[in-house]
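This report refers to the structure that appears directly beneath it.
Residue numbers begin at 1 in each chain, while the letters A, B, ... track the order of the sequences.
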Number of protein chains: 2
Amino acid sequence: MTSGKPAPISRRERPAKPALTREGIVEAALEVMRAEGLGRVTMRRLAQQLDTGAASLYVYVRNTAELHALMLDELLAGLDLSPVTAEGNWRDRLVTVLWSYVRVLTEHPELAQSALVTRPSGPGYLNLVDGLLALLDAGVSADRASWAVDLLLHFATSTAAEQGTRQRAIDAGEEEDRLAETIASTSAARYPHIAALGLDLLSGPGPDRLTWGFNVLISGILQTPRPAPDTAPGSA
Amino acid sequence: MTSGKPAPISRRERPAKPALTREGIVEAALEVMRAEGLGRVTMRRLAQQLDTGAASLYVYVRNTAELHALMLDELLAGLDLSPVTAEGNWRDRLVTVLWSYVRVLTEHPELAQSALVTRPSGPGYLNLVDGLLALLDAGVSADRASWAVDLLLHFATSTAAEQGTRQRAIDAGEEEDRLAETIASTSAARYPHIAALGLDLLSGPGPDRLTWGFNVLISGILQTPRPAPDTAPGSA
DNA sequence: ACCTGAACACCGTTCAAGT
DNA sequence: ACCTGAACACCGTTCAAGT
């Protein structure tokens, strides 16, 4: 992706065997993921890709969870944060940045899922958070921005995790069908409100819905102050 | 670990060997989960618990994902939905029900994670959705309630998934420490807004924060109409 | 119809031993 | 210091064969 490495070890020929580095491992992992999905990014498969043994990877990466976190951060480092400093309505710019975050995660939905469990902490993530805070600065106080950024990213991440994995999962659509069937066959007596809504309930998280969600969150944030700390604020 | 196994095979005595059923399997799975965590609820471990072979389970359960969904629905069926029909402010009652949902999921956080991927569709879930719709009915139009219930459950589920798994994950706290360290050592130049907030950024999703989140969502929902369908509404 | 053993094709992680 | 093979302790799922 960056630049062509000029044949590092190569005793004579060989595709290179690029000498293990943390960065190289992460890059290879992203490659495998793009080609075969995160499910195939296992230590063993990855070692094979790098022409080494699985055990070697543990010199550079603590475990699979850390590997995933590194992969995600690499992706986040590629985000376009220019809207942060652009002209125009801060709300619109905020939504734009959030959308670009969701877009990245939706392309690699399994990573989104792992981000839900292991909170990222790399430079890519910190950059994003800092940008979002800058945008929120225009609209809310700092303490509220702190919770707000968490809420917004949380929503964005979990939406991506949900959507994406669902596309792939369980033979695409079968699940949807099952739910649709359930709703259709549901006695209006047992679940009256669901029956009344019918299929609208699963119109699914299209783009409209995500944008609506962002707007709900932002409006809500603007209207809801943080509660005053009740117990001593410094209590560990 | 649990108790001394009292002579297992015995053709005469025996605790019963309860004859496999879908319900029995789910129940046993919940037992194993409560005792050893969802990570240990594997087909093989479960089969062992039920004194049979792993292959036998596939007669009753399509795969591991379905098993997890069944387990979750069983848990949801136990929710207290009485606030739905109680007296009082609908917003408060809505938050109460959502809180009870989160409480269940937080006790079994790994299930929350799986719920994010495989949308539940059992009676327990439908019951909950119907109840939430009933509550929302007091405040918003039906079409908005449809999206709202999704958004609220989504937030609740992912919060539980995040919190819970994080407690266990990566040696409890190490990750937090790492992030805190990063923030502390962060040059205020590179991430000025993060530096300005300092540790408040990771004050963590305590109860206050979840309640704040629900209030943000509800306020936002009340203020944000669904967009008018732009393209032909019936387009597949 | 239900149940089973055995097999297939995998996993993450550790560790003693090599270079 | 880094790398490796081999081992440990597991997985989900399928399938032919039994009852």
Output the rounded distance in Å from [atom1] ([X]) to [atom2] ([N]).
{"X": "B/Y60", "N": "D/dT13", "atom1": "OH", "atom2": "C1'", "value": "18 Å"}
{"X": "B/L20", "N": "C/dA1", "atom1": "CG", "atom2": "P", "value": "17 Å"}
{"X": "A/Y58", "N": "D/dC3", "atom1": "OH", "atom2": "C1'", "value": "15 Å"}
{"X": "A/L57", "N": "D/dC2", "atom1": "CG", "atom2": "P", "value": "14 Å"}

Next item on the list: Return the nearest nucleotide to the side chain of A/T64; candidates are C/dC15, C/dG12, C/dA6.
Entry: C/dG12
Notebook entry, point to check: Nearest to the side chain of B/N63 - D/dC3, D/dT13, C/dT13?
Noted result: D/dT13
Only pairs with both distances under 3.5 Å count, Watson-Crick or wobble alike; so what is the partner of [N] in this structure?
{"N": "D/dA9", "value": "none"}
{"N": "C/dC3", "value": "none"}
{"N": "D/dA17", "value": "none"}

Next item on the list: Report the distance from atom CG of B/L20 to atom OH of B/Y60, rounding to the nearest 0.5 Å.
Entry: 5.0 Å
Check: Roughly how far, to the nearest 0.5 Å, is CD of B/E36 from CD of B/Q49?
Finding: 7.5 Å
Item checked: N-O pairing of B/R209 and A/D150 below 4.0 Å -> yes
Notebook entry, point to check: When you check the gap from the basic side-chain N to the acidic O, do B/R22 and B/E66 get nearer than 4.0 Å?
Noted result: yes
Checklist line | Whether B/T211 side chain and B/D208 backbone form a donor-acceptor pair below 3.5 Å | finding: no
Next item on the list: Over all heavy atoms of both residues, which pair between B/S114 and B/H68 is shortest? Give the atoms and the distance, please.
Entry: OG-CB, 3.8 Å
Note to self: At less than 4.0 Å, is any side-chain N or O atom of B/S56 found next to OP1 or OP2 of C/dC2? Yes or no.
What the structure shows: no
Sort me out a list of protein N/O and nucleotides 8-11 of chain C N/O pairs below 3.5 Å, or just none if empty.
{"from": "C/dC11", "atom 1": "OP1", "to": "A/T42", "atom 2": "OG1", "distance (Å)": "3.3"}

Notebook entry, point to check: Using atom P of each nucleotide, how far apart are D/dC10 and C/dA9 to the nearest Å?
Noted result: 23 Å
Margin query: Do B/L132 and B/L94 make a side-chain contact, defined as non-hydrogen atoms from C-beta onward lying under 4.5 Å apart?
Written below: yes
